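Heads up, the thing below is written out as structure tokens.
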Amino acid sequence: MANSRFRAVEEAYAKTAVKARPPADSTSDYYGCNVFSRSNMRKYLSSDTRRKVYESIEQGVTLDRDTAEQVAAGMKRWAQDMGATHYTHWFQPLTGGTAEKHDSFAEPYGKGDSLEVFTGKILCQQESDASSFPNGGLRNTFEARGYTAWDPSSPAFVMGDRLCIPTVFVSYTKEALDYKTPLLKSEVAVSSAAEELLKYFGIEGDRVFSYLGWEQEYFLVDSSLYAQRPDLIMAERTLVGHNSARNQQLEDHYFGSIPSRVLEFMKDLEFECYKLGIPVKTRHNEVAPNQYEIAPVYEQANIAIDHNLLLMSVMRSVADRHGFKALLHEKPFAGVNGSGKHCNWSLGTESGISLLAPGKTDLENLRFLAFMANVLKAVYDNNALLKASIMTASNAHRLGANEAPPAIISSFLGTQVTEAFRELLNSMDMVKIKGKVGYSLGIPQVPELLIDNTDRNRTSPFAFTGNRFEFRAVGSSANCSSAVSVLNTITAYQLERFREAVDRRVASGIPVMKALLDETRDTFRSCEKVCFDGNGYSEEWKAEAARRGLDCETSAPLIYDSLLSERTTEVFGRTGVMSRTELRARAEIDWEIYSKKIEIEARVLADLTANHILPVATRYQSVLLDNVSKMKEIFEEDEYKKVASGEIDIIREIAARISEARSLVIRMEEAADRIIEIGSERERAVAFHDEIVPFLDEIRVHVDALEMIVDDQMWPLPKYRELLFVR
Ligand code: ADP
Ligand code: MG
């Protein structure tokens with residue numbers, strides 16, 4: 001089979017830091033070769049077993065134990081042919097990232113013999129200790145059982161020496177302990193709500209899915225420089241570092257040509273992604289120096305998210321073998337752009353109807369406006385919750401801090417869709433929507449351009465982009481399940497309310513089309529305030545948004561409160577996605593992780609300042625002092641005053657900054673020691689936010705000033721210009 005050839009290529013890649021494309025004629029030769037895909041199933045499963053597996057994937061039918069045995073046997077043979085010796089349930093705990101526990105296929109029995117075992121039961125379910133993962137109080141150490149259960153809708157794959165089986169992770173008492181469980185439930189909720197409503201539009205038996213196309217931003221830093229930055233290693237961001245003279249102000253990096261060493265890394269990464277069936281398509285430079293983006297073709301949300309998590313882990317290991325560190329943190333460098341993970345989200349049917357795209361007929365356009373109005377209403381009503389779904393200690397540096405997107409969730413619609421809604425509000429008739437219009441440049445050899453139905457608005461956190469919404473506020477390191485589950489759930493809830501309202505109108509004798517039109521109009525009118533096409537970064541918008549009643553909170557721990565609001569409980573409860581207990585657990589975990597992240601930053605910065613920076617600053621100060629006192633011996637009093645005064649000023653500044661920084665570090669550590677004793681997760685997180693974060697900023701000011709003063713030769717840390725421009 002083709003795989004051994006590619007394993008050899010892999011080895012070559014690993015050894016040589018890869019100089020060429022894989023020696024395959026086309027991507028299709030190896031695309032998905034590490035996935036238990038349909039073509040691999042054809043080789044390893046009987047047609048009867050395959051039919052049942054497809055049914056399970058496509059129609060959500062539960063697999064019977066007998067079929068599971070057959071699948072397990074085939075999967076094991078395939079995995080062993082691929083060189084796998086171990087298997088693992090692959091799941092998504094609330095720590096972020098993914099978790100695996102490797103078990104060997106080999107099971108010793110008798111005297112020195114061993115049997116290779118992988119049964120249907122092992123495939124379907126595993127038990128593991130849930131108390132060692134974040135569980136928000138759902139699991140205590142004395143009642144610690146958790147279960148992972150196979151998700152057949154996401155294909156198993158081989159990575160290195162192990163067979164990975166995508167699973168959900170739940171507690172003994174059935175509460176979700178992961179990101180995948182609520183996501184799958186939210187998909188069920190939004191599909192059934194949308195399918196019900198579609199009946200009014202004459203569509204039946206066409207399954208609805210939520211789709212996701214993510215755009216992953218990241219930085220690359222040379223590994224040897226990275227190794228000298230304790231802050232990058234421990235906190236994943238630079239806690240100190242003066243801006244380099246040049247950063248992104250020339251705007252010459254965005255879409256610029258990709259440096260060759262980076263290009264080799266990207267090719268290697270794409271090769272690995274293709275083998276895992278991740279349909280990556282686009283790569284380019286981002287705005288900041290050494291910042292890049294990779295994006296696939298969109299897929300069903302559940303698969304897309306598994307693929308994003310896989311990509312993040314593959315990216316880290318491929319970067320390692322090219323002598324880079326991939327930074328997925330939202331804000332590794334102050335003063336240059338941070339990294340996001342734009343989530344392009346839409347609803348569509350199995351047969352290919354996009355529910356968020358204008359159509360050709362009046363009915364199709366009414367369907368479009370109805371779905372749009374419902375999404376906008378869901379976003380308006382659950383504004384704060386949507387923000388909670390993407391807020392983390394690291395993403396807080398992007399949201400509403402000094403860069404975009406703002407910490408206020410509004411939606412950009414663009415002129416044509418806005419006009420269509422205006423028309424809907426002002427008339428009682430069907431609405432016409434302009435399609436793509438022709439646009440001639442007046443240059444004879446350039447063909448006519450077709451202009452999209454929306455322009456771009458880079459400042460909007462939730463922008464309509466023609467056939468989908470682009471949720472830009474999601475952070476680069478996030479498991480985007482959190483955001484997508486909320487989008488699906490709030491939309492499902494709103495679609496149900498909408499359909500009930502239409503039902504009521506129809507029951508009172510109003511013709512169906514008029515009922516749909518009137519309800520769409522009323523829905524849009526009730527949430528119009530969430531639409532904003534202007535500059536989302538401006539101060540005026542902050543004031544205006546507050547007047548419109550949008551959530552303007554910027555403190556992460558307070559934003560998490562919305563997980564526990566009456567509204568959230570109602571929305572998640574009615575849709576069956578999460579219970580109040582599960583929501584509470586999530587809030588507890590969000591607070592806990594927030595506190596831990598800030599505490600780590602505080603400890604690392606304290607160490608960095610006290611042990612790396614201040615000793616060097618003191619040494620440089622002594623050099624200057626020595627110099628000045630020697631000057632005094634040589635120069636006359638008047639002359640001395642003239643030549644030494646500049647240096648004396650510098651000595652004064654160093655002394656002042658050292659003493660100020662030292663005292664801030666001591667106070668910060670005392671505060672942190674006190675705060676970690678606070679019993680309530682929420683209060684502790686609030687204290688870390690209110691008391692410790694300001695210390696981090698203040699200490700940095702002094703350290704960064706010292707960086708500009710102290711002899712470059714003595715400075716112990718690689719500087720921004722090295723981290724950002726060495727490639
Ligand atoms: P940009 O926003 O930079 O212009 P692209 O046009 O390349 O980005 O698209 C970004 C992502 O949106 C891609 O992953 C693409 O597949 C995805 N996408 C396109 N159409 C849809 C859709 N209907 N639903 C969800 N994602 C989509
Ligand atoms: Mg984009």
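Below, each value reflects all heavy atoms present in this structure, side chains not excepted, and no hydrogens, waters or symmetry copies. Remember, it's a predicted structure, so these values are computed and weren't measured experimentally. When a ligand or atom number is given, it counts from 1 through the structure's own listing order.
Applying the side-chain hydrogen bond (donor to acceptor under 3.5 Å, both in side chains) rule to Asp178 yields the partners Thr181; only residues at least two apart in sequence or on another chain are considered.
When each atom of ligand 1 is checked for a heavy atom of Asn467 under 4.0 Å away, the hits are 20 (N), 23 (N). Near Gly213, meaning under 4.0 Å from any of its heavy atoms, are these atoms of ligand 1: 14 (O), 26 (N). Atoms of ligand 1 found under 4.0 Å from any heavy atom of Glu470, numbered from 1 in the order shown, are 2 (O). Heavy-atom proximity to Pro296, at under 4.0 Å, picks out these atoms of ligand 1: 13 (C), 14 (O), 16 (O).
You'll find the side chain of Met159 stays beyond 4.5 Å of the side chain of Lys275, heavy atoms only. Using a 4.5 Å heavy-atom threshold, the side chains of Phe469 and Leu487 count as separate.
For atom 21 (C) of ligand 1, the nearest non-hydrogen atom from the set Tyr298, Phe209, Trp214 belongs to Tyr298. One option in Asn344, Val280, Leu212, Val297 has a heavy atom closer to atom 11 (C) of ligand 1 than any other, and that option is Asn344.
Here Glu264 does not pair with Arg261 in a salt bridge; the nearest charged N to carboxylate O distance is not below 4.0 Å. Comment: Lys377 engages Asp381 in a salt bridge, judged by a side-chain N to carboxylate O separation of less than 4.0 angstrom.
With a 4.0 Å heavy-atom cut-off, ligand 1 is reached by no atom of His342. For Glu215, every heavy-atom contact with ligand 1 shorter than 4.0 Å involves the side chain, none the backbone.
No N or O atom of Ser354 sits closer than 3.5 Å to an N or O atom of ligand 1.
Between Tyr298 and Tyr211, the angle of the ring planes goes over 60°, which puts this pair in the perpendicular group of the 30/60° scheme.
Ligand 1 is never approached by Ala295 to a heavy-atom distance shorter than 4.0 Å.
Expressed to the nearest 0.5 Å, how far CG of Asn34 lies from CZ of Phe157 amounts to 10.0 Å.
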